[in-house]
Amino acid sequence: MTSQPTAASQPTPPRPDRTVGAIETVFRMESPRIIAGVARVVRDVGIAEELAQDALVAALEQWPRDGVPDNPGAWLMTAARHRAVDLVRRRENYARKLAEIGRALPAAAAPPEEPADPDDIDDDLLRLVFTACHPVLSTEARTALTLRLLGGLTTAEIARAFLVPEPTVAQRIVRAKRTLATKNVAFEVPHGPDREARLGSVLDVIYLIFNEGYAATAGDDWLRPSLCEDALRLARVLTALMPKEPEVHGLTALLELQASRTAARTGPSGEPVLLKDQNRSRWNRMLIARGFAALGRAEATSGGSPGPYLLQAAIAACHAHAYSYEETDWSRIATLYGLLASRSPSPVVELNRAVAVSKSQGPAEALALVDALAGDPALRDYHLLPSVRGDLLARLGRTPEARAEFERAASLTRNERERELLLRRAAEQP
């Protein structure tokens, strides 16, 4: 009688639920590089994303049966590239027929080769960053496409993050990919002045994503940490890809330093905690150290001409250096805001400068600056204008006016947590 193998000797099939979870995790981590690598082959980010999704479907079919491969990211990349090569070959069959016809026509002079840019960066992921943030797209489209292609977020996750209907986000993404295709936007890192112009768009989109997570414009939550994490990850990737760009390091420093305060910015029930009331022992010292290091790299590469993100990072560093709110060097912060206003004029920058002036020179001087901004159309519905004015009036003892300003600010904000804070401040005025 032949003995049967014991249960322990039988191979254990992979658990489908764990395998699917592993596939989803790996795909979210690897999808930006897969899409970027495939886009270099097919020259179309929309098609590249579809081919990456095809590779994901293949993994969902095979991995639960065969097990997760030793290098799952490489497996997905290979599967997607095989599909890309098949697509290109089908295109080449058509091109070959055109070439046969073209051989019968007179040969045209070949265009002269463009000189190679010595600073050209040969990285597929960087090409994807610049393509997703191309100025031909609206800011909303760039943000949605960047989060989809580089952040690995689903359409539903992007919609929840920005509190817009899912179909709206889906339409933005579809239109963005269609626009890139119809406008024949090259899958490339631009050279020289074009790169500098496009880089600003890339940095602005990453900063916009971070800010939405750091202080949500609407909804029930004051913070959306996942958006901050996505933006910080994108900034870190960009610094590795563009180590000679000071503003890239400046933005990364700014985000590291701002993110360091996250744990202290909300109370036990998720309510906002103002900067002056934050427990600074809860600030993340590792992120602060990373921020200081990035700021040092930004200053070392700036050539003594700091850009807007470097200046904002320097302001954030002033807060990080202070062990208490009272120790903050508000005079330096006001000076830095003055430099920022000259480099990148904005009524919001002037409003922030007024706050720093109020701490260094007093509320009366700052109130004059704020009142000068009251007629600016850009700040007409900006809730922080009456919020700052209310704070200055309260410090001057003009409590009835302060109460009215806090109530006006509460009526303008779309964030429930912030509205509660502003109404509480209004109620505190005697």
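- A donor-acceptor contact under 3.5 angstrom links the side chains of Q278 and W283, judged on distance only.
- With T131 as the fixed residue, the side chain to side chain contact (heavy atoms under 4.5 Å, CB included) test singles out one of D44, V45, L137, L126: V45.
- Contact annotation: the side chain of L238 never approaches that of L234 to less than 4.5 Å [non-hydrogen atoms, C-beta and beyond].
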I would like to know whether L203 and L199 meet side-chain contact (heavy atoms from CB on, under 4.5 Å); could you show each step before the answer? CA-CA 6 Å; L203 299 181; L199 179 61; 4.1 Å; yes

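- For R198 (side chain) and F130 (main-chain N/O), a donor-acceptor pair under 3.5 Å exists by modelled atom type.
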For ring-ring contact (aromatic ring centres under 6.0 Å, His included), just list the numbers for W330 and Y337, CA-CA rounded to whole Å, side-chain angles, deciding distance to a tenth of an Å, and then say yes or no. CA-CA 10 Å; W330 290 107; Y337 269 122; 9.1 Å; no

Test side-chain contact (heavy atoms from CB on, under 4.5 Å) on E418 and H383; report intermediate values, then the result. CA-CA 10 Å; E418 196 167 24; H383 69 283; 2.9 Å; yes

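- Salt bridge present: R389 and D371 bring a charged side-chain N and a carboxylate O closer than 4.0 Å.
- Looking only at side-chain heavy atoms (C-beta outward), D277 and L274 come within less than 4.5 Å of each other.
- Atoms CG and OG, on D381 and S411 in that order, are 9.0 Å from each other to the nearest 0.5 Å.
- A donor-acceptor pair under 3.5 Å is formed between the side chain of R419 and the backbone N or O of T413.
- Not one N or O on the side chain of R343 forms a donor-acceptor pair closer than 3.5 Å with the backbone of P308.
- Take S281 and apply the side chain to side chain donor-acceptor pair (under 3.5 Å) test, not counting sequence neighbours, and it matches N279.
- In terms of the side chain to side chain donor-acceptor pair (under 3.5 Å) criterion, H319 has no residue partners (sequence neighbours excluded).
- To the nearest 0.5 Å, the span separating CZ on R172 from CD1 on I158 amounts to 10.0 Å.
- The shortest distance between side-chain heavy atoms of F406 and R424 does not fall below 4.5 Å.
- When only modelled atom types and interatomic distance are considered, E327 and S324 share a side-chain donor-acceptor pair under 3.5 Å.
- Within the 4.5 Å cutoff, the side chain of L336 has heavy atoms near those of the C318 side chain.
- Counting only distance, with no hydrogens or angles, the side chain of R403 and the backbone of P430 share a donor-acceptor pair below 3.5 Å.
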side-chain contact (heavy atoms from CB on, under 4.5 Å) evaluation trace for D329 with S331: CA-CA 6 Å; D329 189 347; S331 178; 3.9 Å; yes

Only distances under 3.5 Å count here; give the side-chain donor-acceptor pairs of residues 254-261 to other protein atoms, sequence neighbours excluded, each with its distance to 0.1 Å.
residue : atom : partner : partner atom : Å
E256    : OE1  : R236    : NH2          : 3.0
E256    : OE2  : R236    : NE           : 2.9
E256    : OE2  : R236    : NH2          : 3.4
E256    : OE2  : R290    : NE           : 3.2
Q258    : OE1  : R261    : NH1          : 3.3
Q258    : OE1  : R261    : NH2          : 3.1
S260    : OG   : L257    : O            : 2.5

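- Atom CZ of R380 has 12 or fewer heavy atoms from other residues, nucleotides or ligands within 6.0 Å.
- Checked for salt-bridge contact, D86 and R83 miss the test: no charged N lies under 4.0 Å from a carboxylate O.
- Contact check for R127 versus V189: side-chain heavy atoms found under the 4.5 Å cut-off.
- Taking the charged nitrogens against the carboxylate oxygens, E30 and R33 have no contact shorter than 4.0 Å, which rules out a salt bridge.
- A distance of 5.5 Å separates CG in L385 from CG in L379, rounded to the nearest 0.5 Å.
- Residues D70 and W75 are not in side-chain contact: their nearest non-hydrogen atoms beyond the backbone lie 4.5 Å or more apart.
- For the 3.5 Å distance criterion, the side chains of R395 and S358 qualify, holding a donor opposite an acceptor.
- A side chain to side chain contact (heavy atoms under 4.5 Å, CB included) with I173 holds for exactly one of L147, L149, T168, L145; it is L145.
- Taking the six-membered ring wherever Trp is involved, the centroid distance between the rings of Y309 and Y207 falls below 6.0 Å.
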Stepwise side-chain contact (heavy atoms from CB on, under 4.5 Å) check, V185 with R43: CA-CA 9 Å; V185 172; R43 319 302 293 181; over 6 Å; no

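- Contact of the T301 side chain with the E245 side chain is not registered, since no non-hydrogen atoms from C-beta on lie closer than 4.5 Å.
- Put simply, the side chain of S346 gets close to the backbone of V348: a donor and an acceptor are under 3.5 Å apart.
- Checking each of V38, L56, V41 against L51 for a side chain to side chain contact (heavy atoms under 4.5 Å, CB included) leaves exactly one that passes, namely V38.
- The shortest side-chain heavy-atom distance between K359 and Y325 falls under the 4.5 Å cut-off.
- Between the side chains of T155 and E166, no donor-acceptor pair of N or O atoms lies under 3.5 Å.
- Q429 places a side-chain N or O within donor-acceptor distance of the main-chain N or O of R425, the cut-off being under 3.5 Å.
- Of the charged side-chain nitrogens involved, at least one lies within less than 4.0 Å of a carboxylate oxygen, so that R148 and E49 count as a salt-bridged pair.
- With respect to the salt-bridge test (charged N to carboxylate O, under 4.0 angstrom), the residues R142 and D204 do not qualify.
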